[in-house]
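The next block holds one structure in the form of structure tokens; read it before the comments.
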Amino acid sequence: MYKKLLTPFLLLALTSSAWAQNKTVRTFQFESKSGSHTARIVFQTIRFDESKHKVLIDRNNRTIIDGRPAFGTDASVPNVEVISMRLYVDGSEIHVPKHLYVDCYDPNFTSRDLRVRFDRKDPRIVIVDLHGADAAAAYTVRWHLKTKGRHTRSAYQDFSAEG
């Protein structure tokens, strides 16, 4: 009897897991408005391919990918990588250098985990907050993206998410 119940349950669990992972590999768009201004941020993700990167675990159990500490990993290889981050303000694309997002793996693209807004004091600055991964690998990154360039970023491992 248990075998009859277990087989459909396992099939459902495996299918749900595969669907959830595929859901994070695509293009994600978020938009914010302030007065007459509109900001749109577009992220494109792909499944992480270890053969295209140099991956190592250092002696402190940190994952290093292509020479940089990787956010969203816990001494492991990530599932998803961000391959592009594009910002549009009032229809014009503002270049976002790859070094500002290339080390952010397994991001969470939900309305709860990603927030886009204009700076209250300066509408030429778009602030993007992203929470990525979960448990011990959880991290938060905040970008200050400026219409004239000179973007900044702060990021940290979110140890409060550990169980």
Side-chain angles (χ1 to χ4, degrees), residues 2-3 5-32 39-88 93-117 126-146 150-163:
Y2 291 114
K3 276 188 176 181
L5 291 174
L6 186 59
T7 302
F9 176 75
L10 285 174
L11 185 58
L12 178 63
L14 292 172
T15 304
S16 297
S17 175
W19 181 78
Q21 288 177 6
N22 289 337
K23 194 171 138 181
T24 60
V25 178
R26 63 185 179 107
T27 301
F28 298 87
Q29 296 187 52
F30 299 87
E31 192 171 283
S32 180
R40 183 169 53 102
I41 190 93
V42 180
F43 291 89
Q44 186 169 0
T45 62
I46 60 171
R47 183 162 307 287
F48 184 81
D49 183 351
E50 190 173 358
S51 71
K52 295 182 179 177
H53 299 277
K54 182 180 177 188
V55 179
L56 66 96
I57 309 298
D58 72 8
R59 65 178 141 205
N60 296 316
N61 281 331
R62 291 181 305 184
T63 304
I64 308 297
I65 299 175
D66 300 330
R68 295 180 63 151
F71 287 101
T73 63
D74 184 24
S76 62
V77 175
N79 294 311
V80 175
E81 67 179 294
V82 177
I83 59 167
S84 72
M85 178 179 174
R86 296 166 55 193
L87 171 67
Y88 300 88
E93 184 170 4
I94 310 298
H95 176 70
V96 179
K98 192 172 186 171
H99 74 271
L100 290 176
Y101 59 84
V102 71
D103 55 354
C104 298
Y105 297 94
D106 293 340
N108 299 327
F109 291 119
T110 67
S111 58
R112 188 186 78 189
D113 293 312
L114 191 131
R115 184 173 171 209
V116 179
R117 66 188 185 285
V126 176
I127 300 170
V128 179
D129 293 312
L130 171 70
H131 302 288
D134 60 10
Y139 66 95
T140 299
V141 62
R142 173 174 283 176
W143 291 277
H144 285 87
L145 305 172
K146 302 168 182 144
R150 294 188 175 170
H151 310 305
T152 60
R153 173 188 100 158
S154 58
Y156 63 93
Q157 196 78 23
D158 189 1
F159 295 108
S160 66
E162 289 186 53

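Below, each value reflects all heavy atoms present in this structure, side chains not excepted, and no hydrogens, waters or symmetry copies. Values in this document were obtained by computation on a predicted structure and should not be read as measured data.
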Does any N or O in the side chain of [X] come within less than 3.5 Å of the main-chain N or O of [Y], such that one atom is a donor and the other an acceptor?
X      : Y      : value
Arg68  : His99  : yes
Thr27  : Gln44  : no
Asn108 : Ala133 : yes
Ser76  : Thr73  : no
Gln157 : Ala136 : yes
Asp58  : Arg62  : yes
Trp143 : Leu100 : yes
Lys98  : Val102 : no

If you measure from [atom1] on [X] to [atom2] on [Y], what distance do you get to the nearest 0.5 Å?
X      : Y      : atom1 : atom2 : answer
Arg142 : Thr152 : CZ    : OG1   : 10.0 Å
Leu87  : Ile41  : CG    : CD1   : 5.0 Å
Ile65  : Phe71  : CD1   : CZ    : 11.5 Å
Arg40  : Gln29  : CZ    : CD    : 5.0 Å
Ile127 : Leu145 : CD1   : CG    : 9.5 Å
Arg86  : Ile94  : CZ    : CD1   : 12.5 Å

Of the non-hydrogen atoms in [X] and [Y], which two are nearest, and what is the gap between them?
X      : Y      : answer
Arg112 : His131 : O-CD2, 4.3 Å
Val82  : Phe43  : CG1-CD2, 4.0 Å
Pro97  : His151 : CD-CD2, 3.6 Å
Asn61  : Ala75  : O-CB, 3.2 Å
Asp106 : Pro78  : OD2-CA, 3.7 Å
Pro107 : Leu130 : CB-CD2, 4.0 Å

**Asked** Under the side-chain hydrogen bond (donor to acceptor under 3.5 Å, both in side chains) criterion, do Asp66 and His53 qualify, and how do the steps go?
**Response** CA-CA 6 Å; Asp66 300 330; His53 299 277; 2.7 Å; yes
**Prompt:** Does the pair Asp49 and Ser51 meet the rule for a side-chain hydrogen bond (donor to acceptor under 3.5 Å, both in side chains), with working shown?
**Reply:** CA-CA 5 Å; Asp49 183 351; Ser51 71; 2.7 Å; yes
**Asked** Looking at Leu56, Ile57, Asp103, which one forms a side-chain contact (heavy atoms from CB on, under 4.5 Å) with Ile64?
**Response**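 Testing Ile64 for a side-chain contact (heavy atoms from CB on, under 4.5 Å) against Leu56, Ile57, Asp103 leaves exactly one candidate, Leu56.
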**Request:** Name the orientation class of the two ring planes belonging to Phe109 and Phe30 (parallel below 30°, tilted from 30 to 60°, perpendicular beyond 60°).
**Result:**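 Tilted.
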**Asked** Where do Tyr101 and Val96 land on the side-chain contact (heavy atoms from CB on, under 4.5 Å) test, with the steps shown first?
**Response** CA-CA 9 Å; Tyr101 59 84; Val96 179; 4.2 Å; yes
**Request:** State, yes or no, whether a side-chain contact exists between Glu81 and Thr45 at a heavy-atom distance under 4.5 Å.
**Result:**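 Side chain of Glu81 against side chain of Thr45, heavy atoms only: no contact under 4.5 Å found.
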**Request:** Using a 4.5 Å cut-off on heavy atoms from C-beta on, say whether the side chain of Phe28 contacts that of Val42.
**Result:**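 Not touching, per the 4.5 Å side-chain cut-off.
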**Item:** Thr140 vs Asp129, side-chain contact (heavy atoms from CB on, under 4.5 Å): CA-CA, chis, key distance, verdict
**Value:** CA-CA 7 Å; Thr140 299; Asp129 293 312; 5.6 Å; no
**Item:** Test ring pair (Phe, Tyr, Trp, His ring centres under 6.0 Å) applied to Tyr156 and Tyr139, step by step
**Value:** CA-CA 6 Å; Tyr156 63 93; Tyr139 66 95; 9.2 Å; no
